[in-house]
Amino acid sequence: MEIREPGHLGIPKIKLTQSFEINPLSSAAWRIYHPYLSTADGRALLERLRGDERVAGLADAGISNGGGATRFDIDALALWWAWLANSSGIRRADECLEAWLDAEQVETIATLWVLGLDSNESFEITEGYWLTKLDDLPDSNDKATYWALQGNVPTTAPLPRCAITKRQKINKVWRLEPSGGGLAQDWSDLQRSLYDLAHVLNAVTGVLCVPYYQTSYNPPESPLGMFGGSGGGYPLYDVATHNVGKIGRGVCQTAAELFRAFKEKPENERGRLNLILGRLSQAKRRVHVEDALLDLGIALEMLLLDENKQAQQLALMFKLRGSWLLGTSASDRHQRWKLLSEIYDARSSVAHTGTLHDGKPQHLQRSRQRLPAYIGLAEEVVRKVILEGSPDWRSLVLGGEPDSDMLSPNAPIGNS
């Protein structure tokens, strides 16, 4: 971070930069702003706050951040006011303070930092869900750390460059909500939906999205900001990634359609699809082609062989169903069949023998070159199943629906 010229209150402003200094931003902010409370203006500010009944009513209360709370501290409120007044002016700070003290509900930014994605701009994906780039997130310890680590400190750990975010109204004062209802349930649902959208993005062509760290931040105009503490949680993944792909607004239409269809499915189907999308995502971040093909094969088997058929027919059904599901002509179905056959044979080889193509270098290289085509096919199958649901396989392969009398056990066979 960088200490810059003084602001409206004469306090040096803090500017986040890529630097070697890895210290919590909140600690620096406390260190820089706390002396203001000992000045005549600072003491007058504290006196004004202590004399406000709305402030007095917050004593010993927990200030909610959605998933948790921070114990109210009048010094932290005063420091937040000083920070905003210094950057945006006293009038603006007073307006925001008054609005916050009067409010029963306030806005927070639910945030899921993700790996695998980067963007030149922040944009709305769908229905208030945004892909927000690093420098557009509110200043926080997390943002400062990711900036600094990506800038100058060598690290083997992957780091996020953007997040999926959504603004949400929450109760200003933390209180336990009745089980199954209220804003607490809304917050839980929102957290889950951030993960769902992150998973669904993996079905978009060429997109890799891995949930990294879930938390929330106050908008700059809302206390207590970086003076109010923070918290969040990391999901556990066996396979990390250093792969990063640029995305833009071009993904929005497909992502919106997929996310809308995904949310409409029953809970058990969403759970199944999340497992499939997780395998697809994992295949995209694999280093070794053998592992990638194993993950792809499992994902496609879950999509195309979802009825636990007998093993001897699995290979045929895998290729036949996939070809008819995606193919638009005889020639297209033959091409799909070939790709599916290569994926199935590779998955079986790795699963049953522990090697791919007996380790032959030239064959392994060919599979590496073909991997984007395999992943593209898997993405296409996932998209189709999410948008249209699992098909009636018999009708798909045979064409059309059977006549009702053909379903009778006494129906005649052939032309007799």
Side-chain angles (χ1 to χ4, degrees), residues 16 18 107-140 142-143 146-147 150 158-169 189-217 219-221 235 241-265 270 273-274 276-278 280-285 326 372-373 375-388:
L16 295 187
Q18 293 182 331
E107 195 171 58
T108 192
I109 304 171
T111 302
L112 178 64
W113 292 96
V114 295
L115 302 174
L117 294 182
D118 194 10
S119 179
N120 293 327
E121 62 173 342
S122 299
F123 56 89
E124 185 179 15
I125 301 172
T126 180
E127 300 173 348
Y129 293 86
W130 281 68
L131 193 286
T132 307
K133 63 179 184 176
L134 178 64
D135 47 346
D136 287 343
L137 267 293
D139 286 352
S140 66
D142 303 321
K143 178 179 176 178
Y146 299 153
W147 261 113
Q150 289 177 355
L159 293 168
R161 304 186 184 192
C162 56
I164 298 173
T165 63
K166 191 174 192 296
R167 294 192 173 224
Q168 172 85 349
K169 287 284 189 179
D189 292 343
L190 174 56
Q191 287 180 306
R192 179 173 178 177
S193 70
L194 294 176
Y195 279 92
D196 286 342
L197 179 54
H199 292 149
V200 164
L201 282 172
N202 288 285
V204 179
T205 300
V207 174
L208 170 61
C209 184
V210 185
Y212 179 75
Y213 178 62
Q214 188 278 323
T215 186
S216 61
Y217 304 106
E221 65 274 10
T241 183
H242 288 274
N243 297 330
V244 178
K246 288 276 191 180
I247 67 168
R249 297 174 185 270
V251 306
C252 292
Q253 181 176 348
T254 301
E257 291 173 353
L258 288 168
F259 189 49
R260 193 177 304 116
F262 182 92
K263 290 192 298 181
E264 292 174 354
K265 296 187 182 299
R270 292 198 304 270
L273 287 171
N274 266 325
I276 292 167
L277 289 163
L280 175 58
S281 170
Q282 194 162 282
K284 293 182 180 184
R285 50 193 142 111
L326 300 180
I375 289 175
L377 182 141
E379 291 169 337
E380 196 173 350
V381 174
V382 175
R383 286 198 299 271
K384 195 169 185 69
V385 171
I386 290 176
L387 293 173
E388 301 178 10

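Side chains are part of it too, since the values below use all heavy atoms of this structure and drop only hydrogens, waters and symmetry mates. Nothing here was measured: the structure is a model prediction, and the numbers come from that model.
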Next item on the list: Evaluate the side-chain contact (heavy atoms from CB on, under 4.5 Å) criterion for residues Lys284 and Thr241: first the C-alpha distance (whole Å), next the side-chain angles of each, then the deciding distance (0.1 Å), finally the verdict.
Entry: CA-CA 9 Å; Lys284 293 182 180 184; Thr241 183; over 6 Å; no
Next item on the list: Test side-chain contact (heavy atoms from CB on, under 4.5 Å) on Lys143 and Leu134 and set out the steps.
Entry: CA-CA 7 Å; Lys143 178 179 176 178; Leu134 178 64; 4.1 Å; yes
Margin query: Assess the residue pair Tyr213 and Thr111 against the criterion (side-chain contact (heavy atoms from CB on, under 4.5 Å)); give the C-alpha distance rounded to whole Å, side-chain angles, the decisive distance to 0.1 Å, and a yes or no.
Written below: CA-CA 8 Å; Tyr213 178 62; Thr111 302; over 6 Å; no
Checklist line | Worked check of side-chain contact (heavy atoms from CB on, under 4.5 Å) between Asp139 and Trp147 | finding: CA-CA 11 Å; Asp139 286 352; Trp147 261 113; over 6 Å; no
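A donor-acceptor pair is defined here as one N or O able to donate and one able to accept, closer than 3.5 Å; no such pair exists between the side chain of Ser216 and the backbone of Ile109. Checking side-chain atoms of Ser119 against main-chain N and O of Gly248 turns up no donor-acceptor pair under 3.5 Å.
Considering all non-hydrogen atoms of both residues, Asn243 and Arg285 come closest at ND2-CA, 3.9 Å. Scanning all heavy atoms of the two residues, the minimum distance from Ile125 to Ala255 falls at CG2-CB, 3.8 Å. For Leu280 against Asn202, the heavy-atom pair with the smallest separation is CD2-O, 3.4 Å. Between Asn120 and Lys133, the closest heavy-atom pair is O-NZ, 3.1 Å. The two residues Ala198 and Cys209 come nearest to each other via the heavy atoms O-CB, 3.5 Å. Taking each heavy atom of Val244 and Asp118 in turn, the nearest pair found is CG1-CB, 3.6 Å.
Remark: Gln253 CD is loosely packed, at most 12 non-hydrogen atoms of other residues, nucleotides or ligands lying under 6.0 Å away.
Taking 4.5 Å as the limit, some side-chain heavy atom of Ile164 sits within range of a side-chain heavy atom of Leu201. In this structure, Tyr217 and Asp142 have side chains that are in contact, with non-hydrogen atoms separated by less than 4.5 Å. Leu112 places none of its side-chain heavy atoms less than 4.5 Å from the side chain of Tyr129. Contact of the His199 side chain with the Leu273 side chain is not registered, since no non-hydrogen atoms from C-beta on lie closer than 4.5 Å. In this structure, the side chains of Glu127 and Arg260 come closer than 4.5 Å at one or more pairs of heavy atoms. The closest side-chain heavy-atom distance from Cys162 to Val114 is below 4.5 Å.
Distance check: Ser193 OG to Phe262 CZ gives 10.5 Å after rounding to the nearest 0.5 Å. Atom CG of Asp196 and atom NZ of Lys263 lie 9.5 Å apart (nearest 0.5 Å). Atoms CD and CG, from Glu379 and Leu277 in turn, are 10.5 Å apart once rounded to the nearest 0.5 Å. Distance OG1/Thr165 to CH2/Trp113: 9.5 Å, rounded to 0.5 Å. Distance check: Glu264 CD to Arg270 CZ gives 10.5 Å after rounding to the nearest 0.5 Å. Expressed to the nearest 0.5 Å, how far CD of Glu380 lies from CG of Leu326 amounts to 4.5 Å.
With salt bridges taken as basic N to acidic carboxylate O contacts below 4.0 Å, one links Glu121 and Arg249.
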